4 protein chains.
Amino acid sequence: MSIGVDASAKGAADVPEIGVGMLGYAFMGKAHANGYRTLSYMAWPPPLRPRLVSIAGRDEAAVSEAAQRYGFERSVTDWRDLVSDPEVQLFDNGGPNSLHAGPTIAAAEAGKHVLCEKPLGRTADESYEMWQRVTATGVRHMTAFNYRFVPAVRLARQMLEAGELGDVLHFRGRYLQEWGTTTADAWRFHKEEAGSGALGDLGAHVIDLARYLVGEIAAVSATTRTFMEGREVDDAFEAVVEFDAQAVGTIEATRFAAGRKNAFSWEINGTKGSLSFDLERLNELQHSEGTKGFRTILVSEAEHPFWQWWWPAGHIIGWEHTFVHEIHHLLAAIAGDGEVAPHGATFEDGYRAAEVCDAIVRASDSGTRQAVQYR
Amino acid sequence: MSIGVDASAKGAADVPEIGVGMLGYAFMGKAHANGYRTLSYMAWPPPLRPRLVSIAGRDEAAVSEAAQRYGFERSVTDWRDLVSDPEVQLFDNGGPNSLHAGPTIAAAEAGKHVLCEKPLGRTADESYEMWQRVTATGVRHMTAFNYRFVPAVRLARQMLEAGELGDVLHFRGRYLQEWGTTTADAWRFHKEEAGSGALGDLGAHVIDLARYLVGEIAAVSATTRTFMEGREVDDAFEAVVEFDAQAVGTIEATRFAAGRKNAFSWEINGTKGSLSFDLERLNELQHSEGTKGFRTILVSEAEHPFWQWWWPAGHIIGWEHTFVHEIHHLLAAIAGDGEVAPHGATFEDGYRAAEVCDAIVRASDSGTRQAVQYR
Amino acid sequence: MSIGVDASAKGAADVPEIGVGMLGYAFMGKAHANGYRTLSYMAWPPPLRPRLVSIAGRDEAAVSEAAQRYGFERSVTDWRDLVSDPEVQLFDNGGPNSLHAGPTIAAAEAGKHVLCEKPLGRTADESYEMWQRVTATGVRHMTAFNYRFVPAVRLARQMLEAGELGDVLHFRGRYLQEWGTTTADAWRFHKEEAGSGALGDLGAHVIDLARYLVGEIAAVSATTRTFMEGREVDDAFEAVVEFDAQAVGTIEATRFAAGRKNAFSWEINGTKGSLSFDLERLNELQHSEGTKGFRTILVSEAEHPFWQWWWPAGHIIGWEHTFVHEIHHLLAAIAGDGEVAPHGATFEDGYRAAEVCDAIVRASDSGTRQAVQYR
Amino acid sequence: MSIGVDASAKGAADVPEIGVGMLGYAFMGKAHANGYRTLSYMAWPPPLRPRLVSIAGRDEAAVSEAAQRYGFERSVTDWRDLVSDPEVQLFDNGGPNSLHAGPTIAAAEAGKHVLCEKPLGRTADESYEMWQRVTATGVRHMTAFNYRFVPAVRLARQMLEAGELGDVLHFRGRYLQEWGTTTADAWRFHKEEAGSGALGDLGAHVIDLARYLVGEIAAVSATTRTFMEGREVDDAFEAVVEFDAQAVGTIEATRFAAGRKNAFSWEINGTKGSLSFDLERLNELQHSEGTKGFRTILVSEAEHPFWQWWWPAGHIIGWEHTFVHEIHHLLAAIAGDGEVAPHGATFEDGYRAAEVCDAIVRASDSGTRQAVQYR
């Protein structure tokens with residue numbers, strides 16, 4: 001159980017710095033900032049040494065406090081100052097959805113690598129434009145679908161790639177939260193700022209993992225629903241999905257599932273076995289080898305994904321560590337050690353998730369099954 | 001923990017007999033026979049004393065053996081002999097789906113009460129005719145949706161009726177089995193005999209509980225799928241459902257979920273709390289009071305439904321006991337002590353489930369949302 | 001999923017009857033009566049056909065009602081009438097503990113096979129005398145440790161015998177109930193009638209399974225405790241156990257575990273893996289093959305113990321069915337088809353469990369580790 | 001769900017620094033280093049700003065690498081250099097057990113606050129001396145029983161203090177790991193360096209939580225066992241415990257429970273309800289209010305202990321965060337904002353746990369119940 005330090009590893013002194021500029025200091029800003037700070041010593045040596053250069057937010061006092069708290073060298077109240085900052089090499093966008101496209105494109109066009117929170121854009125159109133324009137610049141780009149970086153999810157992908165599940169026949173994914181009854185008026189409830197509700201906020205995660213684990217979605221049938229009067233965005237949606245290959249299943253999300261705090265659960269049934277997962281117990285992966293019944297794999301052992309950075313078996317990690325893995329992955333790609341795809345979500349992945357979201361809205365509105373078509 | 005015998009109860013000697021004629025001696029015949037035998041002393045005194053008069057099956061040796069085993073006085077190889085048997089007052093149809101309509105209608109028209117396995121008919125049309133013609137005779141009729149008689153399901157209904165869950169917003173029901181990979185050629189795989197596959201066999205149960213617990217289904221969007229080449233019926237289906245009231249959700253069933261033996265699970269989210277259930281742990285009901293988190297109610301205490309007949313708390317019952325409760329309920333109705341509806345499923349309920357099944361098939365075939373319309 | 005009837009099997013007409021006389025009509029009487037009735041057609045053909053001849057109890061009205069309910073031909077108020085009844089070949093004793101020794105010995109000495117509820121006697125001395133005197137008569141004898149007949153427990157035994165767990169290092173068994181707070185004055189709370197409290201009522205089950213699954217217990221250290229003032233028997237006990245082989249562990253029972261209805265749970269750790277079980281989910285066995293993590297085996301498939309009598313996979317059975325298996329086992333032994341031991345508990349097993357119980361009391365009283373010594 | 005930054009809070013610029021010197025850079029060194037780094041921005045503003053001054057270890061290359069990795073300003077190969085370092089105000093001892101007493105006492109006598117990993121000393125004698133000599137210096141002292149700082153454990157304590165469980169009747173605690181089969185020769189297996197095996201390493205945690213949640217232990221009966229030939233320390237122990245108040249229970253630990261990675265689980269039964277916990281699911285607390293059955297509290301909501309520093313509900317934290325809470329608690333005490341006791345374990349608590357450990361060894365060796373007596 002000793003956690004040795006490999007003294008022969010490339011010394012951190014040789015690791016170049018990368019300057020980070022961050023837009024947003026609330027929930028996602030906090031999570032990303034923690035990611036940069038933690039990866040710097042947990043994943044040792046880090047691929048690049050993040051230097052927290054500047055953080056942007058509209059409230060001067062608050063953003064100044066955030067800079068001090070998270071260790072940014074300075075704070076600004078206009079994101080354009082991040083874009084023009086020559087010490088920023090990576091632009092990290094954790095702002096509201098309405099501020100995803102403009103700043104991110106501007107940053108990329110200023111030559112900065114970009115990491116953008118999900119959903120990428122508020123629509124497939126906006127997401128497509130982000131992907132196209134950012135790709136044209138040649139910078140590295142990543143959509144922050146952090147649940148690809150849950151060790152159990154990566155392990156599931158490895159098992160699927162290795163053929164341990166056989167051909168996939170079913171995917172059932174649902175993301176259930178309960179706080180939709182709040183009467184607070186947040187940006188997440190406004191169409192202009194958020195684009196959509198449970199669909200883009202929660203459903204996009206489910207769609208991304210469906211694509212990451214099973215493959216492209218060919219068609220959807222769906223219903224969206226707003227339970228709270230006067231709310232501009234959907235509170236819930238229900239969808240039947242058909243994959244390019246033979247698999248069929250359901251994708252759902254809601255903010256009205258009392259008792260479910262953050263229950264992103266999915267199940268995959270294949271010809272050789274099944275997998276099951278629940279984010280509220282994110283250290284566990286359930287696996288039925290054939291029809292033997294489900295075994296709980298506590299994904300926390302030396303041979304498990306990402307686990308070389310952490311603790312002895314059974315000493316579980318938390319939700320926030322997905323960002324450590326995610327940002328590490330991006331920095332490694334920037335450092336030239338691998339690509340963002342396929343394990344990280346690129347802006348193409350962000351766009352593709354948006355196409356599925358849009359198809360769900362069209363299916364709900366029209367009452368007809370919608371093919372998902374990518375440009 | 002003493003299990004007293006209430007000596008003041010109406011003596012069994014005063015309880016009239018009812019002659020039972022049964023069609024089918026396989027899986028369902030065995031389950032129903034056990035139900036008649038067990039209720040006679042467990043639910044004491046029984047509302048009527050079942051007398052197992054005659055059992056019908058095509059294989060003379062096998063049906064004769066079954067009669068001996070389960071205690072039927074005689075066996076016949078033509079179900080018409082049950083219909084014409086003056087000692088049969090209750091016709092119990094556990095035969096293949098293709099033998100549901102004809103014999104059941106004939107029995108009812110001969111003045112016998114009828115209990116028919118689900119799905120009632122192979123189509124909504126056939127089910128409608130059964131309902132209409134049987135209703136016209138005035139006999140008691142029941143569709144054997146036995147999962148209404150799981151104590152945890154009845155408790156859920158009581159809680160819903162009492163308003164403990166508030167208004168229902170979501171229903172998610174799925175019935176997962178794994179034996180679809182069998183290459184055996186059973187009647188369940190033939191369209192003529194079975195009508196449909198996972199839809200009528202498993203999905204009908206989900207639809208019935210959705211109706212029993214939440215209410216009528218207004219519209220469905222769906223996809224059905226046959227995975228095994230050459231198989232005539234669906235192996236799986238996926239559906240989005242919209243209820244008459246505001247609730248939305250999904251209904252699914254498959255015979256291709258490796259590791260799931262008999263996993264009929266459902267979840268209900270209401271404005272005041274949630275319920276969750278899994279048939280593989282049928283003695284448990286999960287309840288979140290508001291957003292407090294899920295509590296496991298081991299439905300096995302004196303105050304729980306049906307429990308007056310059984311054991312001290314925690315001494316759990318099995319799947320088969322749903323039939324004890326179901327048949328007891330029917331006998332009580334026949335004896336004049338209550339109605340089949342609403343806790344038992346009548347032929348109208350059987351017909352309504354069939355309309356939803358048909359709408360799912362139409363939605364899958366047409367790619368358009370289908371309203372469920374009852375005649 | 002068809003449940004065939006094997007028409008070639010020995011016809012039930014050829015199966016001889018066995019006359020059963022039962023002492024006690026409360027909780028255990030009900031459970032045993034159900035066992036006789038159910039095995040007669042579920043385990044087909046039965047080894048013997050139980051004929052419910054006579055039932056004894058002190059309250060004439062109640063026992064008469066019980067006879068009518070369970071189908072006994074007659075009832076008596078003096079158990080001696082069972083002993084002298086020439087039509088009784090099997091004496092089934094489900095009376096209070098103080099009525100175990102006398103009537104059972106008398107019945108055996110009258111040439112009747114004997115099935116006695118646990119604990120066998122109120123002390124090791126009484127149990128030893130029962131074993132010795134009954135053995136001397138040559139009749140079949142069985143102590144009703146019904147949990148040996150849970151399919152998951154039998155499967156565990158098979159796996160242990162096959163070496164799948166390697167050498168056993170630990171056994172942890174606990175039986176938790178919650179009704180000890182009752183202020184009712186039952187025979188279970190009186191030393192003269194019950195012998196002991198949680199120890200004989202619940203602990204004896206744990207001890208028996210420890211012996212059945214792991215082996216003989218060599219020594220115990222223990223503490224017993226009575227929480228309710230004025231109660232004559234223990235409400236709980238805690239014990240450290242050392243087995244003849246290298247395993248060590250704990251055995252506990254209490255009637256004061258709020259929230260635990262009937263939680264008899266045990267865990268075994270061996271050099272090659274572990275097993276875990278909880279009676280509240282008696283259809284499940286948890287198995288860790290090596291250190292792979294625990295898999296839930298839903299013990300309900302064709303290849304599982306006792307399952308040839310029951311239902312398709314996943315259609316779970318209840319607590320009461322342990323008695324069906326247990327009584328079937330005894331009848332098979334009486335019919336000459338096998339022995340009571342090792343899968344059934346003989347009176348020797350009943351005596352040995354009593355020796356362990358007595359050692360626990362001595363250890364608690366003396367504060368010193370007690371060797372368990374068998375006569 | 002917004003995570004505001006309270007701009008009105010005392011600015012971090014006003015927070016004084018505290019210089020930290022650490023002994024040990026392996027498992028515990030890593031965990032503590034992460035604690036200092038994370039608390040500095042998660043618990044905002046921190047009570048003191050940890051400055052990682054110096055780290056000591058015997059292997060010069062390795063400790064130098066560790067200093068670079070975790071951000072210590074310098075590294076040394078002799079712990080005496082930490083003791084004599086005027087910039088070190090807090091001495092954090094995560095070295096092997098044999099290096100707990102000497103360096104910790106020296107540091108305290110040099111006027112440094114001390115945090116020492118558990119077990120405090122290798123024996124009660126050594127622990128007592130540490131407590132006495134360190135107390136005499138007037139510095140703050142803390143034994144690193146980090147599981148007191150699991151949010152679910154603190155919540156349990158709050159519920160117990162508020163009387164929600166009534167009077168405690170039972171405590172059952174066990175700490176199960178599986179890596180004892182390793183043939184590696186680590187300091188943990190040597191008596192001189194470790195003091196004991198599973199007892200001090202795992203059992204001490206159980207004992208500490210038993211004391212924290214229930215109260216002082218009055219007496220123990222026990223058996224220890226070494227399974228691996230040639231190993232100097234115990235691989236497992238089993239103990240019956242009696243508390244000063246009426247509660248009785250068991251405490252166990254083993255390194256030979258295949259399939260259990262880090263399974264520290266405990267259950268408390270009180271007159272008004274029960275609590276249950278498992279470290280492998282450390283974000284969950286099971287609570288039975290009275291006999292209602294167990295509810296899963298996902299301890300991750302705004303009103304839960306420590307949660308003001310973290311994420312929205314359901315975004316679970318990991319094992320390592322217990323150190324963030326623990327070190328925060330110590331720094332707050334050093335800063336004059338509260339005491340180490342009762343929520344943090346002082347050296348007195350470390351000593352008391354050692355007395356219980358010693359009593360377990362004596363009980364095992366002598367075969368007699370041992371009173372736990374504190375000096």
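Throughout, a chain's letter reflects where its sequence line sits, starting with A, and its residues are numbered from 1. Computed from a prediction, not measured in an experiment: that's the story for all the values here. Heavy-atom basis, side chains included; hydrogens, waters and symmetry copies ignored.
Interface remark: of the candidates B:Thr250, B:Asp235, B:Val241, B:Thr250 forms the most heavy-atom pairs closer than 4.5 Å to chain A. The residue among A:Lys292, A:Arg172, A:Lys272 with the most heavy atom pairs within less than 4.5 Å of chain B is A:Arg172. Note: B:Gly249 leads B:Gly249, B:Gly273, B:Gly270 in heavy-atom pairs under 4.5 Å with chain A. Ranked by heavy-atom pairs under 4.5 Å with chain A, the list B:Gln370, B:Arg260, B:Arg174, B:Glu178 is led by B:Arg260.
With sequence neighbours excluded, the residues that form a side chain to side chain contact (heavy atoms under 4.5 Å, CB included) with B:Asp167 are B:Gln246, B:Thr271.
Residues A:Ala257 and B:Ser274 come closest through the heavy atom pair C-OG, 4.1 Å. The two residues B:Arg369 and A:Ser364 have their closest heavy-atom pair at NH2-O, 2.8 Å. Of all non-hydrogen atoms in A:Ala258 and B:Gly290, the two that sit nearest each other are CB-O, 3.5 Å.
Scanning residues 216-228 of chain A against chain B with a 4.5 Å non-hydrogen threshold yields A:Ser221, A:Ala222, A:Thr223, A:Arg225, A:Phe227, sorted by number.
Using a 4.5 Å cut-off between heavy atoms, B:Leu176 touches chain A through its side chain atoms alone. In this structure, no portion of A:Gln286 lies under 4.5 Å from any heavy atom of chain B. Using a 4.5 Å cut-off between heavy atoms, B:Ser288 contacts chain A through its side chain alone, with no backbone atom that close. For a residue to count as touching a neighbouring chain, one of its non-hydrogen atoms must lie under 4.5 Å from one of that chain's; by this rule B:Glu289 does not touch chain A.
Looking only at side-chain heavy atoms (C-beta outward), A:Glu238 and B:His170 come within less than 4.5 Å of each other.
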A:Thr291 vs B:Lys261, side-chain contact (heavy atoms from CB on, under 4.5 Å): CA-CA, chis, key distance, verdict: CA-CA 8 Å; A:Thr291 59; B:Lys261 310 298 167 192; 3.7 Å; yes

